[in-house]
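This report concerns only the one structure given below.
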Amino acid sequence: MSPNCFPWLLLVQLLLLHSANIAAKVPAIIIFGDSSVDAGNNNFIPTVARSNFEPYGRDFNGGQPTGRFCNGRLATDFISEGFGLLPAVPAYLDPKYTIKDFASGVCFASAGSGYDNATSDVLSVIPLWRELEYFKEFQKKLEDYQGKAKTRETISEALYIMSLGTNDFLENYYTVPGGRRTQYTVDEYQDFLVGIAEGFIRNLYRLGARKLDLTGIPPMGCLPLERVANPTSREACNEMYNRVAWNFNGKLKQLVNKLNRELSGMTIVYGDIYYLFLDVIKKPLTFGEFKKPFTATHSS
Ligand SMILES: *[C@@H]1O[C@H](CO)[C@@H](O)[C@H](O)[C@H]1NC(C)=O
């Protein structure tokens, strides 16, 4: 899992800038992915990949561990608020919410998930293909709730956000013995994942989506776990993992260019968090509250 909500905040501004051009109006935010965007779906499935306990959520409405892998709200929540929608996008599996709430924002993401089915198997979380099944179910409920015509409009004007991929490498490829690593070189595995991303986006397009942010992955060798487990230099970023992330992002960007050419009427933006994240690692003082990367000293 990649519990790194902070650099995402910076992405919000970028996205809002981009989206201002492509979106006259955004009636809903619809989210797919992993822990970087899971608003609490994993609380409602049998998995250990949960964050419904302290210190998670310590800044969420004065302290509520919601199942977000974050101290407070996720970037996607800020994006939603930025569009004048809900300040926190509800998790689809949370029974507290109904289609009335989901009509302007819904999160299908699941911490620990990935593009590869084998990744979601590791911690028994929601695979990406099932996130899409939930989206189809949501569309039907939305039609019942607000009618076919309005639903068609919501679906095509909504902003779709995808954020996943880190777990495919860290939780699966480099971790599961006798798994994908015996089948694919890392370069081949990247292509395999990009192929799944392509299929997923084409399905979204067929289902009516027209505005998508495809978020890349962070310099995952700088995640706290990878740093303390770094075999060559303790607490330094694992540069090999960072290279893998950088290469994978390059392939995602190519996919975005290709699909923007091929899917008429669709606008896809590549969401770059790699350099935003790296900036926080390299220049923590610029961001105020950090004395050393990942040793946060909360000043307030
Ligand atoms: C993942 O699993 C689903 C459901 O079994 C299947 O339809 C899909 O083809 C699988 N994806 C890949 C890339 O194998």
Side-chain angles (χ1 to χ4, degrees), residues 1-2 30-38 41-42 44-50 91-93 106-141 155 160-209 212-217 220 241 244-245 247-260 262-263 266 268 270-271:
M1 286 155 287
S2 45
I30 297 170
I31 301 156
F32 302 95
D34 62 14
S35 60
S36 58
V37 290
D38 183 355
N41 284 313
N42 279 17
F44 306 99
I45 59 168
T47 176
V48 293
R50 291 207 186 160
Y92 187 63
L93 297 186
V106 57
C107 172
F108 301 106
S110 175
S113 197
Y115 287 106
D116 184 356
N117 285 338
T119 303
S120 45
D121 287 347
V122 176
L123 293 167
S124 308
V125 298
I126 306 167
L128 188 59
W129 66 266
R130 187 171 290 141
E131 293 186 24
L132 195 74
E133 292 302 308
Y134 284 138
F135 172 62
K136 292 179 195 166
E137 181 187 87
F138 157 79
Q139 275 200 13
K140 288 209 187 75
K141 288 185 188 168
I155 293 297
Y160 295 77
I161 296 177
M162 290 168 64
S163 174
L164 67 164
T166 303
N167 298 317
D168 292 306
F169 297 101
L170 297 186
E171 190 186 301
N172 182 5
Y173 188 84
Y174 287 109
T175 305
V176 176
R180 295 302 193 198
R181 241 178 134 170
T182 61
Q183 292 173 277
Y184 299 112
T185 65
V186 71
D187 194 56
E188 288 165 350
Y189 189 58
Q190 290 173 345
D191 292 337
F192 171 70
L193 300 178
V194 169
I196 295 168
E198 174 168 358
F200 185 87
I201 294 169
R202 288 185 185 278
N203 278 329
L204 269 188
Y205 179 78
R206 258 177 241 128
L207 291 165
L212 171 69
D213 158 61
L214 178 62
T215 311
I217 61 174
M220 58 191 180
Y241 286 160
V244 169
N247 286 334
F248 179 64
N249 286 339
K251 293 180 189 216
L252 287 180
K253 280 186 236 178
Q254 284 173 10
L255 174 66
V256 167
N257 291 337
K258 175 178 140 178
L259 292 178
N260 272 325
E262 292 180 12
L263 301 178
M266 186 157 198
I268 310 175
Y270 168 74

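For ligands, and for the atoms within them, numbers begin at 1 and follow the listed sequence.
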Should Val244 and Met220 count as side-chain neighbours, where that means a heavy-atom distance under 4.5 Å?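 Yes, close enough: below the 4.5 Å cut-off.
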
Would you call Phe108 and Ile126 a side-chain contact if the rule is heavy atoms closer than 4.5 Å?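 They are not in side-chain contact.
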
Give me the ring orientation class for Phe32 and Tyr160: parallel if the planes are under 30° apart, tilted from 30 to 60°, perpendicular past 60°.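 Rings of Phe32 and Tyr160: parallel, as their planes differ by under 30°.
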
Which protein residues have a heavy atom closer than 4.0 Å to any atom of ligand 1, listed by chain and number?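 If the criterion is a heavy atom under 4.0 Å, then ligand 1 touches Asn117, Trp129, Ile196.
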
For Asp121, give me all partners under salt bridge (Lys or Arg N to Asp or Glu O under 4.0 Å), at least two apart in sequence or on another chain.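 With neighbours one apart ignored, the set is empty.
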
Lys141: salt bridge (Lys or Arg N to Asp or Glu O under 4.0 Å) partners, not counting sequence neighbours: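 For Lys141, the residues satisfying salt bridge (Lys or Arg N to Asp or Glu O under 4.0 Å) (neighbours in sequence not counted) are Glu137.
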
Can you name the residues that form a side chain to side chain contact (heavy atoms under 4.5 Å, CB included) with Lys140, not counting sequence neighbours?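 Side chain to side chain contact (heavy atoms under 4.5 Å, CB included) list for Lys140, sorted by chain: empty.
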
